[in-house]
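Each chain gets a letter, A, B and so on, in the order the sequences are listed, and its residues count up from 1.
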Number of protein chains: 2
Amino acid sequence: MVATHEETHVTIADRIFARIQQEIVDGTLKPGSKISEPELARAYGISRGPLREAIGRLEACSLVVRKANVGARVVSLSAEQLLEIYHVREALEGMAARLAATAMSDAEIADLADLLATHRRQIEDDPSHGYFQREGDLDFHYRIVKGSKNGRLIELLCNDLYHLVRLYRHQFGVVTRAQRALVEHEHIVAALAERDGEMAELLMRHHIRATRANAMRRIAEREAAAG
Amino acid sequence: MVATHEETHVTIADRIFARIQQEIVDGTLKPGSKISEPELARAYGISRGPLREAIGRLEACSLVVRKANVGARVVSLSAEQLLEIYHVREALEGMAARLAATAMSDAEIADLADLLATHRRQIEDDPSHGYFQREGDLDFHYRIVKGSKNGRLIELLCNDLYHLVRLYRHQFGVVTRAQRALVEHEHIVAALAERDGEMAELLMRHHIRATRANAMRRIAEREAAAG
DNA sequence: TGTGCGACTATTGTCGACAATTTGACGGAG
DNA sequence: CTCCGTCAAATTGTCGACAATAGTCGCACA
């Protein structure tokens, strides 16, 4: 066999896991809805074995909650749980920024600056700053986290928390503070370019606190309007 | 049936998961050893179904690593991975201490102070400060994390990272800096008593950095002696 | 003698069926 | 009319068997 230097034999459970994860994150499977094993098994044309393994992994990254002998439901985030997630994000991404300041290469930091320049042009061209800014925002945070070169940090944030973040953005419909967020991103990159880990952590934590405050305010408004 | 106000229908997978987790942490299953499904299924007198689910959960908390069509092995931590864990711990437990400073009740803080007083007496009575100090150290950190009242933080640290910490303590045989650690613990509790979250976080992060430095030094000594 | 190909074995991945438990409905009593 | 006990249907948990893959051993051939 030709040497596939990174071996990846994909199993059914892998595919189903990725598929359900995607459907939860993009809202096809709505928060609080039941995950019926026989139903999904028929829908996907597979057995319950791999499906159960996929559900187990979804539970591991907190996208579904499961009770014994009752079943699994898509997670439905409360405002309190969202606050908890933001506190964890602040801690972990602050550390990621600190580590990235020494672990990222000059080229990686330059690429990151280019990404922000692209964002800036798009915002100035189109103040509606809609869907793209959301993905762009996550892309920025992804790069910082990966730049930390800390495998455990990367796994925790990219494989677990960020999916939850994308889920709640659909659930609550929070809009990002595009202009201010971009400025804060630029400040963070400036700290990285100066190799100032302490400053990068402080700026990242401040940035996430501001994002949290924005989200909480929007949710409070929403609940006030709905209730 | 009598009303068990907190239902705990324990499944086979739950029991097997807890059992294997315990055996990994206490060294009965050694790092790097293979987790054979047929063998363990026979040993525990169960089917491979629940066993596979248990292995999946163990993989989720990083106690085993699994490759498709190859199998699972008990995780074997490298020094680099240990450093990564310490960085994550520093971030998360620092945040936990910050939150605990406002979330813990006066009674909980008083109990924590009592715990440290007990540790102090034991260390002064018996300078050998052996096994108990290890569990006492984890007990202290457990209480801080639980005191944060942040469910996600509690789950990440208590259900995942602390098991890894206990595992590596067996794997590397690192001894705790009993006296110095105790003093640092006391300073943290003092900050909690003053409801100074900022200070509690700084002290906790400093404490974990010191623990990390101690562990890294011991490991370097060990490797130098062995190599 | 070394190397590469091929069959073999053991383990993992997957499937369908059985058992145990929850949930909802139905009927009757207060 | 409401509440409780019983029952039935559906779902989850568990099991044993089948299929597919990886690693190994042996053998032929250069």
Side-chain angles (χ1 to χ4, degrees), chain A residues 1-21 23-24 29-60 62-76, chain B residues 1-21 23-24 29-60 62-76:
Chain A
M1 181 190 302
V2 180
T4 57
H5 88 100
E6 198 53 50
E7 194 52 48
T8 168
H9 200 258
V10 69
T11 175
I12 293 182
D14 292 329
R15 285 202 308 272
I16 295 300
F17 167 70
R19 183 164 176 176
I20 301 181
Q21 180 177 247
E23 293 189 355
I24 290 177
L29 287 171
K30 293 186 171 47
S33 64
K34 188 152 179 20
I35 303 283
S36 170
E37 293 183 7
E39 180 180 339
L40 285 187
R42 274 193 303 273
Y44 295 140
I46 61 168
S47 175
R48 278 179 52 216
L51 180 61
R52 280 176 67 84
E53 177 165 339
I55 294 175
R57 293 192 217 172
L58 291 169
E59 185 188 21
S62 301
L63 285 176
V64 308
V65 290
R66 195 158 54 157
K67 280 197 299 187
N69 292 310
V70 173
R73 309 188 85 87
V74 180
V75 67
S76 182
Chain B
M1 182 193 297
V2 181
T4 58
H5 89 97
E6 197 53 51
E7 79 290 341
T8 165
H9 219 132
V10 69
T11 175
I12 293 183
D14 292 328
R15 284 202 308 273
I16 295 300
F17 167 70
R19 183 165 177 175
I20 300 180
Q21 178 178 247
E23 292 189 355
I24 290 177
L29 288 171
K30 293 186 171 47
S33 63
K34 187 152 179 15
I35 303 283
S36 169
E37 294 183 6
E39 180 180 340
L40 285 187
R42 274 193 304 274
Y44 295 141
I46 61 169
S47 175
R48 277 179 52 215
L51 179 61
R52 279 177 66 85
E53 177 166 339
I55 293 175
R57 293 194 217 170
L58 291 169
E59 186 187 20
S62 300
L63 286 176
V64 308
V65 290
R66 193 159 52 158
K67 278 197 300 187
N69 291 309
V70 173
R73 309 188 84 89
V74 179
V75 68
S76 182

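A distance-only check finds no donor-acceptor pair linking the side chain of Arg73(B) to the backbone of Val65(B) [under 3.5 Å].
With DNA chain C read from its 5' end, the first of the two nearest nucleotides for Ala72(B) and Ala68(A) is the one closest to Ala72(B).
Within the nucleic acid shown, Ile35(A) comes within 4.0 Å of sugar-phosphate atoms alone, with no base atom in reach, counting heavy atoms only.
The Thr11(B) side chain lies nearest to dT14(D) when the options are dT11(D), dT14(D), dT12(C). Side chain of Asn69(B), nearest nucleotide from dT14(D), dT14(C), dG13(C): dG13(C). The side chain of Pro38(B) has dT11(C) as its nearest neighbour among dT14(C), dA22(D), dT11(C). Side chain of Ala13(B), nearest nucleotide from dT21(D), dT14(D), dT14(C): dT14(D). The listed nucleotides are dT14(D), dT12(C), dT21(D); the one nearest the side chain of Glu37(B) is dT12(C).
Note that CG of Asn69(B) and OG1 of Thr11(A) are 7.0 Å apart. Values are rounded to the nearest 0.5 Å. How far CD of Glu37(A) is from CD1 of Ile55(A): 4.5 Å, rounded to the nearest 0.5 Å. With rounding to the nearest 0.5 Å, the separation of OG in Ser47(A) from CD1 in Ile16(A) is 11.0 Å. Distance check: Leu40(A) CG to Lys34(A) NZ gives 9.5 Å after rounding to the nearest 0.5 Å. With rounding to the nearest 0.5 angstrom, the CG atom of Leu51(A) is 10.5 Å from the CD atom of Glu39(A).
Applying the 4.0 Å criterion to OP1 and OP2 of dT22(C), one finds that His9(B) has a side-chain N or O inside that range. One finds a side-chain N or O of Arg52(B) lying less than 4.0 angstrom from the OP1 or OP2 phosphate oxygen of dG13(C).
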Extract from the structure each pairing of a protein N or O with an N or O of nucleotides 23-25 of chain C at less than 3.5 Å, listing the distance.
none

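Here the C1' atom of nucleotide dT12(C) and the CZ atom of Arg73(B) are 14 Å apart, to the nearest Å. Going from atom CD of Glu53(B) over to atom C1' of dG13(D) covers 9 Å, rounded to whole Å. What separates CD1 of Ile12(A) from P of dT12(C) is a distance of 18 Å, to the nearest Å. Remark: P of dT12(C) and CG of Asp14(A) are 16 Å apart, rounded to the nearest angstrom. What separates CG of Leu51(A) from P of dG13(D) is a distance of 12 Å, to the nearest Å. Atom-to-atom, CZ of Arg66(B) to C1' of dA22(D) comes out at 16 Å; the value is rounded to the nearest Å.
By the salt bridge (Lys or Arg N to Asp or Glu O under 4.0 Å) test, Glu53(A) pairs with Arg57(A), Arg52(B), Arg66(B), sequence neighbours left out.
Residues from residues 41-50 of chain B lying near DNA chain D, meaning a heavy-atom separation below 4.0 Å, are Ser47(B), Arg48(B), Pro50(B) in numerical order.
With contacts defined as side-chain heavy-atom distances shorter than 4.5 Å, the pair Ile35(B)/Leu29(B) qualifies. Between Leu63(A) and Ile20(A) there is no side-chain heavy-atom pair separated by less than 4.5 Å.
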Hey, mind stepping through Val74(B) and Lys30(B) against side chain to side chain contact (heavy atoms under 4.5 Å, CB included) and telling me if it holds? CA-CA 7 Å; Val74(B) 179; Lys30(B) 293 186 171 47; over 6 Å; no
